[in-house]
Undergrad: 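Below is the structure I would like to discuss, written out as structure tokens.
Quick caveat: nothing in here was measured; it's all calculated off a predicted structure.
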Amino acid sequence: LRTILAAAATAVLAACASTPEPTQPETITRVEVVDVEETVVLSADTLFKFGQGDLDGLTQQGFIELAELATTLKNSFENINTVELVGHTDRLGSDEYNLQLSQDRAETVKQYLEARNLNAQITARGVGKADPVVTDCVGETPTPELIACLQPNRRVVVNINGTRLVEQEVDVSVETN
């Protein structure tokens, strides 16, 4: 009887060893460091009072948006190589005035970010009324309608070059023993 039980046990163990267990799908999170170039567009009308570009001209909402930008830059990137700030205006006013206003706005955003100890090379430049977003607004007199129509042109573009940690869900098959 012992011989029969031993033979049966050996046969069962052999069958288990030769038949692989079914694989169980499992999801894991893979984290990679990825080079990124990202652009954020900040509305100058939200950041600044109309026609202003210095810290005194920042609106309450402007302070909030800049604080959110600084937090995102500090917490969402593994490393930031460069931040380029490009100020834009609408076409109302002289070329000289608009170029200076756009430069002032970009410099103010730069000062704000530098004051938050952002560890990156930050540059700021103004391009005045060059590169408008909207070009179909009619008129030359600054009426409320024209000012509203030209609003998308008044902005500070934030170009970010750095690295992010990117999480990716990956399905893998795991054999159970």
Undergrad: Is there any salt bridge (Lys or Arg N to Asp or Glu O under 4.0 Å) pair reaching into residues 63-87, and which pairs are they, with sequence neighbours excluded?
TA: E84-R125
Undergrad: Rounded to the nearest 0.5 Å, what separation is found between the CD atom of Q61 and the CG atom of L47?
TA: 9.0 Å
Undergrad: Using atom types as modelled and distance alone, determine if a side-chain donor or acceptor of S102 lies under 3.5 Å from a backbone N or O of L99.
TA: yes
Undergrad: For atom CG of N75, is the number of surrounding heavy atoms from other residues, nucleotides or ligands below 6.0 Å larger than 12?
TA: yes
Undergrad: Are K129 and D95 close enough, and set up right, to give a salt bridge (charged side-chain N to carboxylate O under 4.0 Å, His left out), and what steps lead you there?
TA: CA-CA 7 Å; K129 61 185 176 182; D95 289 348; 2.7 Å; yes
Undergrad: For the side chain of T108 and the backbone of G53, is there at least one donor-acceptor N/O pair under 3.5 Å apart?
TA: yes
Undergrad: Heavy-atom count around Q121 CD within 6.0 Å, excluding the residue itself: above 12?
TA: no
Undergrad: Compute whether any side-chain donor of one residue and acceptor of the other, for T27 and D171, lie under 3.5 angstrom apart.
TA: yes
Undergrad: Indicate yes or no: at least one non-hydrogen side-chain atom of I122 is less than 4.5 angstrom from one of E114.
TA: yes
Undergrad: Look at the side chain of N159 and the backbone N and O of E38, then say whether any donor-acceptor pair between them is shorter than 3.5 Å.
TA: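 Not at all, since once roles are kept as given, no pair shorter than 3.5 Å links the two residues.
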Undergrad: Donor-acceptor check, side chain of T59 to backbone of T46, threshold 3.5 angstrom: yes or no?
TA: yes
Undergrad: The criterion is side chain to side chain contact (heavy atoms under 4.5 Å, CB included); which residues satisfy it with V134, sequence neighbours excluded?
TA: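 Applying side chain to side chain contact (heavy atoms under 4.5 Å, CB included) to V134 gives D136, C137, P152, N153.
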Undergrad: Within a strict 4.5 Å, meaning less than it, do heavy atoms of the P132 and R91 side chains meet?
TA: no
Undergrad: Holding to side chain to side chain contact (heavy atoms under 4.5 Å, CB included), I want the full list of residues that pass it with E145, two or more places apart in sequence or in another chain.
TA: T143
Undergrad: So which atom in F48 and which in D54 form the shortest heavy-atom distance, rounded to 0.1 Å?
TA: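 Heavy atoms only, the tightest pair is CE2-O, 3.7 Å.
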Undergrad: Is there a donor-acceptor pair under 3.5 Å between the side chain of R164 and the backbone N or O of S76?
TA: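 Yes; at least one donor-acceptor contact below 3.5 Å.
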Undergrad: From N161 CG over to F77 CZ, what is the distance, rounded to the nearest 0.5 angstrom?
TA: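 Interatomic distance, N161 CG to F77 CZ, rounded to 0.5 Å: 9.5 Å.
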